[in-house]
Amino acid sequence: MSASALLTARSLCAGYGDFQALFSIDFDIHPGEVVALIGANGAGKSTLLKTFVGLVTIRDGALDFCGIDVSKTPAHVLVSRGLAMVPEGRRLFRSMTVEDNLRVAADHAGEPAAGSSPWTLQRLYDLFPILAERRAQAVENLSGGQQQMVAIGRALMTQPKLLLCDEISLGLAPKVIAEIYDMLPVIRQAGTAILLVEQDVSLASRNSDRVYCMLEGRITLTGKSSEVTREEITQAYFGVKHEVG
Amino acid sequence: MKWVDAVIQGLLLGGLYAQYAIGMSLMFGVMRIVNIAHGDLVVLLALIGISLAAAFGLGPGFIMVILIPVGALIGWGLQRGILNHLVGNDPLPSLIATFGLSLALQNLMLTIWQADTRSLDAGPLAIQSVSLAGIQVGVLPLGILAVAALLTWGMHVVLKTTRFGRALRASAADRDAATLSGIDTKVVYAKATAVAVAILGIAAVFQAARTTVSPADGGAQLIYAFEAVIIGGMGSIWGAFAGGLILGVAQVVGSRIDPGWGILIGHLVFLLVLAWRPQGIMSRR
């Protein structure tokens, strides 16, 4: 396994109860990279992210973070080591204010990535000024885009080396999506690697260095985002055997 | 004048109910855990306290200092041993488990202490009174109300401003998201239950000093604690305090109308609040 990789999965198998969702996944992400993970609904993208983070039990295979085996590490410990996730559907703490949502994550943060300055509340408010305005409001009163900013901010407050983003464009207007994706280079420059899960293929390809495609629990394609062709993606996304005619 | 006196005595009785309700507000209001054994834990701690007082000749203050860590230990064990395995969106598993615990505790207490009623000797405090605007107010009940207010204020501040309070509210709002923010939710919940039962240790001493305690008393205290939390609103500690006071006033005023009606009027007021404002008096919704 590559010693410089941040997160490495080899022959990873995982699932829910009797149901196996992931079959022999090989995956790498290196410091400073932005990697996209695309695939149709039900392909297993969210399951893979939850497996990385420790919310889904690993059945077989290996998972390393910063060179250390984390296949049995509890999720909250992984967060303190620098692995953060922006979960699908945001999952904000309802009936708590914006600032409280952010401070909860700050309370339990690990050490910042070496050579980068830590994420503070002020730095976050500089990145997302609208949140500074609404810091004392309950999160359920915010718009979808603002809630997404809080969710991303909350993950950043744990000082991640690797940020997993599970469909952060879901349910948002194109203008808002563009605003949020404009933030990603800033996050990347701060020293955090990013894994983007998206159903929108062009959005994912435009904003990443490398792309993985999943279908029915397996990786069907991997390559540089700038080099992978439309046909290759279509075949990997839908599966060659699903071709009609 | 007798109605003013009834209201004041009701507020004082409500102070004791408020002490039961704070722990219940934490467990039920915030964590959504239904602890049917809540009242039995008060009785258990009271009986332990009375036995210690009898065996070693200790005063009530000393007993309280001992019962607080004992309560915390029981609460920690209860959460880590039983309730942590049952926490989820469905309140039914915790209800069933604690129902069984309640039965087991009551029978255990009957075996050890028999069905005799007992109480704690609070010394001269128990019979002293002060005159407040022409009404005689017992010193002990006044102390109970003051301690209840202090505990409520303390709990409210802890929940709102401390690291632990934020972590608890977050864990109760969304457990997975809390884990993703670095919180060990099992430990946070165990600490919260430890605090809730430690407060019951304080309430136990006051209960034993003010009236009598016997192994089967748990059920009534449980109902009053639930009613207080629901009247006040889930998740609001001050709401639970207010709910306790309202219940106390309803019961005493009711018993002045007719001695047999006290408890019934209390329940009727609870039902009225539930019908008129089901989210509770202090709920912001």
Side-chain angles (χ1 to χ4, degrees), chain A residues 46 49-50 52-56 73-111 136-141 147 150-160 162-166, chain B residues 25-26 28-32 79-80 84-85 87-89 155-192 229 232-240 278-285:
Chain A
S46 283
L49 257 56
K50 285 190 198 153
F52 287 159
V53 131
L55 288 177
V56 170
T73 312
H76 69 275
V77 173
L78 269 175
V79 172
S80 67
R81 298 231 195 115
L83 180 55
M85 177 156 91
V86 184
E88 193 182 1
R90 291 153 225 151
R91 307 284 292 271
L92 295 178
F93 302 125
R94 297 175 64 80
S95 76
M96 289 175 71
T97 62
V98 167
E99 184 144 319
D100 270 352
N101 266 267
L102 297 172
R103 288 181 78 183
V104 166
D107 286 340
H108 297 87
E111 292 303 309
Q137 290 191 12
V139 287
E140 51 265 39
N141 295 333
Q147 286 187 359
V150 176
I152 295 174
R154 186 177 61 176
L156 287 175
M157 292 301 274
T158 64
Q159 316 299 343
L162 172 60
L163 184 66
L164 310 177
C165 296
D166 199 345
Chain B
S25 179
L26 209 56
F28 184 48
V30 177
M31 294 193 276
R32 295 290 194 275
Q79 187 65 38
R80 285 222 85 141
N84 261 344
H85 304 288
V87 172
N89 289 326
M155 201 66 246
H156 179 86
V157 165
V158 163
L159 271 187
K160 253 207 138 65
T161 64
T162 64
R163 187 175 182 265
F164 167 68
R166 274 193 296 272
L168 180 60
R169 283 187 292 142
S171 306
D174 191 324
R175 206 165 184 203
D176 275 348
T179 307
L180 289 175
S181 300
I183 298 173
D184 188 347
T185 54
K186 286 190 144 83
V187 167
V188 166
Y189 270 29
K191 283 186 189 164
V229 170
M234 304 278 271
S236 166
I237 310 287
W238 278 114
Q279 67 271 35
I281 291 180
M282 290 206 165
S283 178
R284 271 160 291 154
R285 277 171 288 144

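In this text the structure is predicted, and so the values were computed from the model without any measurement. Numbered from 1 within each chain, the chains take letters A, B, ... in sequence-line order. Values below: all heavy atoms of this structure, side chains included; hydrogens, waters and symmetry mates excluded.
With a 4.5 angstrom heavy-atom cutoff, B:Ala172 does not touch chain A via any of its atoms. Heavy atoms closer than 4.5 Å to chain B are found in the backbone of A:Arg94, but not in its side chain. Interface remark: A:Val104 contributes backbone and side-chain atoms alike to the contact with chain B (heavy atom separation under 4.5 Å). Only the side chain of A:Thr158 comes within less than 4.5 Å of a heavy atom of chain B; its backbone N, CA, C and O stay farther away. Within the 4.5 angstrom heavy-atom criterion, atoms from both the backbone and the side chain of A:Ala75 approach chain B.
Ranked by heavy-atom pairs under 4.5 Å with chain A, the list B:Ala173, B:Gly182, B:Ala177 is led by B:Gly182. For the set B:Ala178, B:Ala170, B:Ala167, the entry with the most heavy-atom pairs within less than 4.5 Å of chain A is B:Ala170.
Side-chain contact between A:Asp100 and B:Arg169: present, with at least one pair of heavy atoms (C-beta onward) separated by less than 4.5 Å.
Between B:Asp176 and A:Lys50 there is no salt bridge, since none of the side-chain N atoms of the basic residue sits less than 4.0 Å from a carboxylate O of the acidic one.
The distance from the CZ atom of B:Arg175 to the CG atom of A:Leu55 is 11.5 Å, given to the nearest 0.5 Å. Annotation: the span from A:His76 atom NE2 to B:Thr185 atom OG1 amounts to 8.0 Å, rounded to 0.5 Å. With values rounded to the nearest 0.5 angstrom, B:Thr179 atom OG1 is found 9.5 Å from A:Arg91 atom CZ.
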Worksheet entry | Worked verdict on B:Ile183 versus A:Asp107 for side chain to side chain contact (heavy atoms under 4.5 Å, CB included) | CA-CA 9 Å; B:Ile183 298 173; A:Asp107 286 340; over 6 Å; no
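For A:Met96 against B:Arg166, the heavy-atom pair with the smallest separation is CE-O, 3.8 Å.
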